[in-house]
**Student:** 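Got a structure for you, questions after.
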Amino acid sequence: MRNCYNSGKISGKDDAFRAFKRADFEIIDKGFNPINPMRCGLPKSFPWLLHMVVDILILAFTCRYAYFQSNWKESRGARIEHFVCKVLLIKRIYQDEIHNKNKSNRS
């Protein structure tokens, strides 16, 4: 199965775990295996920079696709992940585009 990295706002967001879990299901619905950075195994107490280094290594070496949640632009880390995807030619999928497409299909 193809891996798809799940990217979105984590810091300062009370419902981040729920948002990532919901996005994981959307990624599965698209036929991908979600790679969720909230489940990579690093303790929350580790510095943000270390989380980012590990997340980018996971993204770069295990994923050819990345799913960007609606709030990705509000997150410095997700913006960095987006840049990495552009540089490494990792295909980007946007939650907003999927939701807008689903709304137009219902009309």
Side-chain angles (χ1 to χ4, degrees):
M1 187 177 264
R2 302 172 299 174
N3 288 340
C4 183
Y5 186 85
N6 187 349
S7 182
K9 184 174 174 75
I10 295 175
S11 299
K13 190 165 190 279
D14 294 336
D15 65 340
F17 185 80
R18 218 176 350 202
F20 271 78
K21 188 173 184 179
R22 184 173 45 249
D24 280 347
F25 285 116
E26 292 172 2
I27 291 167
I28 291 167
D29 285 345
K30 289 287 178 194
F32 297 100
N33 177 46
I35 304 300
N36 186 331
M38 294 190 75
R39 297 182 181 184
C40 75
L42 286 180
K44 288 182 180 181
S45 61
F46 278 38
W48 175 85
L49 183 59
L50 184 56
H51 279 276
M52 285 305 304
V53 168
V54 169
D55 293 347
I56 289 170
L57 289 171
I58 291 168
L59 170 63
F61 289 102
T62 69
C63 301
R64 298 309 325 144
Y65 298 86
Y67 184 88
F68 288 89
Q69 297 176 38
S70 302
N71 60 16
W72 75 270
K73 291 181 182 177
E74 300 168 22
S75 166
R76 179 173 50 151
R79 289 192 310 268
I80 292 168
E81 292 163 350
H82 190 267
F83 175 77
V84 168
C85 287
K86 287 173 94 173
V87 170
L88 298 179
L89 303 177
I90 294 171
K91 293 183 173 107
R92 298 173 307 276
I93 303 165
Y94 299 96
Q95 188 176 44
D96 287 340
E97 291 176 6
I98 291 170
H99 287 193
N100 290 338
K101 185 185 271 187
N102 288 341
K103 285 179 186 176
S104 66
N105 288 340
R106 287 185 216 143
S107 302

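The residues of the chain are indexed from 1 along the displayed sequence. None of the values given here were measured: they were computed from a predicted structure.
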**Student:** List the atom of Gly8, the atom of Ser75, and the distance in Å for their closest heavy-atom pair.
**Tutor:** O-OG, 3.9 Å
**Student:** When you measure from the centre of the six-membered ring of Trp72, is the NZ or CZ of Arg92 under 6.0 Å away and within 45° of the axis?
**Tutor:** no
**Student:** Stepwise, does the side-chain contact (heavy atoms from CB on, under 4.5 Å) test hold for Asp24 with Arg39?
**Tutor:** CA-CA 11 Å; Asp24 280 347; Arg39 297 182 181 184; 4.3 Å; yes
**Student:** Once rounded to the nearest 0.5 Å, what's the spacing between atom CE of Met38 and atom SG of Cys40?
**Tutor:** 10.0 Å
**Student:** Decide whether Tyr5 and Trp48 are clustered together by the hydrophobic rule: side chain heavy atoms of Ile, Leu, Val, Met, Phe, Trp, Tyr closer than 4.5 Å, transitively.
**Tutor:** yes
**Student:** Is there a continuous path of hydrophobic side-chain contacts, each under 4.5 Å between heavy atoms, that joins Ile10 to Val54?
**Tutor:** no
**Student:** With side chains defined as the heavy atoms from C-beta onward, is the minimum distance between Ile90 and Arg64 less than 4.5 Å?
**Tutor:** yes
**Student:** With a 4.5 Å cut-off on side-chain heavy atoms, are Ile93 and Lys30 touching?
**Tutor:** no
**Student:** Kindly compute the distance separating CG (Asn3) from CZ (Phe32), expressed to the nearest 0.5 Å.
**Tutor:** 10.0 Å
**Student:** Assign the ring pair Phe68 / His82 to parallel, tilted or perpendicular, where the plane angle (0 to 90°) is split at 30° and 60°.
**Tutor:** perpendicular
**Student:** So, do Gln69 and Phe20 sit near enough that their side-chain heavy atoms are less than 4.5 Å apart?
**Tutor:** yes
**Student:** Are side-chain heavy atoms of Ile58 and Pro37 found at a separation under 4.5 Å?
**Tutor:** no
**Student:** In the structure I gave you, are the side-chain heavy atoms of Glu81 and Met52 within less than 4.5 Å of one another anywhere?
**Tutor:** yes
**Student:** Roughly how far, to the nearest 0.5 Å, is the CD atom of Glu74 from the OG atom of Ser11?
**Tutor:** 12.0 Å
**Student:** Would you say Ile56 ends up clustered with Leu88 if hydrophobic residues are merged whenever their side chains have heavy atoms under 4.5 Å apart, either directly or through other cluster members?
**Tutor:** yes
**Student:** Establish whether Val87 and Tyr67 are linked, either directly or via other cluster members, by ILVMFWY side-chain heavy-atom contacts under 4.5 Å.
**Tutor:** no
**Student:** Are Leu50 and Val84 connected in a single hydrophobic cluster, I mean Ile/Leu/Val/Met/Phe/Trp/Tyr linked by side-chain heavy atoms less than 4.5 Å apart?
**Tutor:** yes
